[in-house]
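Computed from heavy atoms alone, side chains included, the values below leave out hydrogens, waters and symmetry copies. Both counts, for ligands and for their atoms, begin at 1 and track the order of listing.
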Amino acid sequence: MSDVFPVSEQWAETSRCDKAKYRAMYERSVKDPDGFWAEMAERLDWMRKPTRIKNTSFEGDVRIRWYEDGELNVCYNCVDRHLEKRGDQVAIIWEADDPNIDRKITYRELHEKVCKLANVLKAQGVKKGDRVTIYLPMIPEAAYAMLACARIGAIHSVVFGGFSPDSLADRINDAQSKLVITCDGGVRGGRAVPLKENADKALEKCPADVKILMFRHTGLDVPMKKGRDIDAGPLMKEASADCPPERMNAEDPLFILYTSGSTGKPKGVLHTSGGYLVYAALTHEYVFDYKDGDIYWCTADVGWVTGHSYILYGPLANGATTLMFEGIPTYPSITRFWDVIDKHKVTIFYTAPTAIRSLMQKGDEPVKKSSRKSLRLLGSVGEPINPEVWKWYHRVVGDSRCPIVDTWWQTETGGILISALPGAIDLKPGSATLPFFGVQPALVDNDGKILEGPAEGNLVMVDSWPGQMRTVYGDHERFVQTYFSTFKGYYFTGDGARRDEDGYYWITGRVDDVINVSGHRLGTAEVESALVAHPAVAEAAVVGYPHDIKGQGIFCYVTLQADIEPSEDLRKELVAWVRKEIGPIASPDVIQWAPGLPKTRSGKIMRRILRKIAANEFDNLGDTSTLADPAVVDELIENRKSL
Ligand code: WTA
């Protein structure tokens, strides 16, 4: 039996949703999706109210449409409509990397900045439907840029600032962006991030007509290329603050966000306007029990989907005050998170297990130095949270007072699908608990047969929800293949899960070749491609292995070219090489030299075995009889033991 942390009386009374209401709303959402979601859409301001609500099919070529005859503007919903009531309310609290610097941006100021930037974009020729790549650190300009795109109907593609020039170039080219918005440089944990320099390098691999719009942030002296690089500062000063929001169809694209899959290059996940915003806003309000007066802080980066849905779009659509943090949890010291919470009186705090684990390692003392009295709710996202870590987060960070919502979702899902609602669902440490309104999870075995009752299997979704991705940008066939072909008629998440006797879901992790490193999603194939691109490498196989802080670490088996000798220098060189090719988030943790890799007679690498060896589990390797050369396994085990 697992521990249960029941909903407290106070939470049941004061929160937006108690047990009975959750049950009733959930029932209705799945029995009458049209009625339910029509009503939920009323939370937005529509230029034309939708009358056709749900039009979705997971069969054939998979068409997903929500609110398809509705018209709205996402930026208007996140900014303009709040002006009358909340013009002077803080929309964004910006906390810089440097603890002495912060800024508060009201809805009125946000409106002005976004309109100006929208006009700057227009003057650069950006039109409705054009793609704009955003390569910025966690500064308010990132929010302005996303919202400005939404305002004029341009599709933004935010690329995380930790990605390399090559990764950036791939994403610019795939989206065929003609404009990249960046800044001179970023700073994280006191260390400079050379964003403009990276963008310059990326553009060497892009068409000649791609331009750079650059904000000044760190004041770094960077070369500007004539006719290509534009300084945003003077243009912003001159631009008019009047820019009417574009009328958009609910199914017009809002953004592309690249994410890793088990094969090939990262996919451009495409989200549209109406359904996405309804879903992001509704989940933000219910899962976090957001109320006027809350100070809400999600520690993600806007380069990831969590930043899109739960720093920006969901909170701003709800007229919230959202905190945006430029830095890292350990700078200038390991008390930074708690200091920021006390400084800004944060009431809702949403972070990732990897951050919690790294802080938990330093004990209770640093946390206890802070008050954290303002906190009332904690959240977790990105990877499974181990029950011990959950309990520490609850007891030490939340002083046993704050419920924890463990929110399970994906870039593809647009918003949270499985999570507790704090006043309505009893908590079990380590379980994401129950589905959100309208979400119908199921477990299937490897043959696609639905499993009933308590069971463990592959996690699928039986039907659509408004925040679901609509396609892979430019490659609908890949969308159908990736998500709807493994189990016919269902959306396959790529995750495994267990369901207990109370119907609670326990996510067990990816069942495909995607790994989750510090909450960052990576395809093992991407790291393999990077390694093989090095002239010394003949072959590489990459797997995840259990890592105390990161959740999973990156373990690389590398076979060198025949004439190359392994050495410590080469090992270091390969680590640096992968960092350069993909970015620091893909730094290998372990490189093990492999004279050979375990392959079937048809030449397929048996990753199952490699995962076990990486995890130091040498017994129970399973059936190795189909291997072309079973002896390589013994050799790999010997090498692993001596690492
Ligand atoms: C994992 C991040 C367990 C999962 C929002 C999923 C989780 C992948 C949780 C998506 C959670 C996310 N518990 N696992 N609460 N949240 N995951 O696209 O494996 O970066 O498939 O989206 O993260 O990662 P992505």
Within the 6.0 Å centroid threshold, strictly below: His284 and Tyr313: no
Geometric class of the Phe479/His476 ring pair [parallel <30°, tilted 30-60°, perpendicular >60°]: tilted
Between Tyr483 and Phe58, ring centroids under 6.0 Å: no
Backbone N/O of Ala355 and side chain of Ser358: donor-acceptor pair under 3.5 Å: yes
Per-ligand residue contacts, ligand 1, heavy-atom threshold under 4.0 Å: Val305, Thr306, Val381, Gly382, Glu383, Pro384, Asp406, Thr407, Trp408, Trp409, Gln410, Thr411, Asp495, Ile507, Arg510, Asn516, Arg521
Near-ring test His156/His271, centroid separation under 6.0 angstrom: no
Residue list, ring pair (Phe, Tyr, Trp, His ring centres under 6.0 Å) with Tyr490, at least two apart or on another chain: none
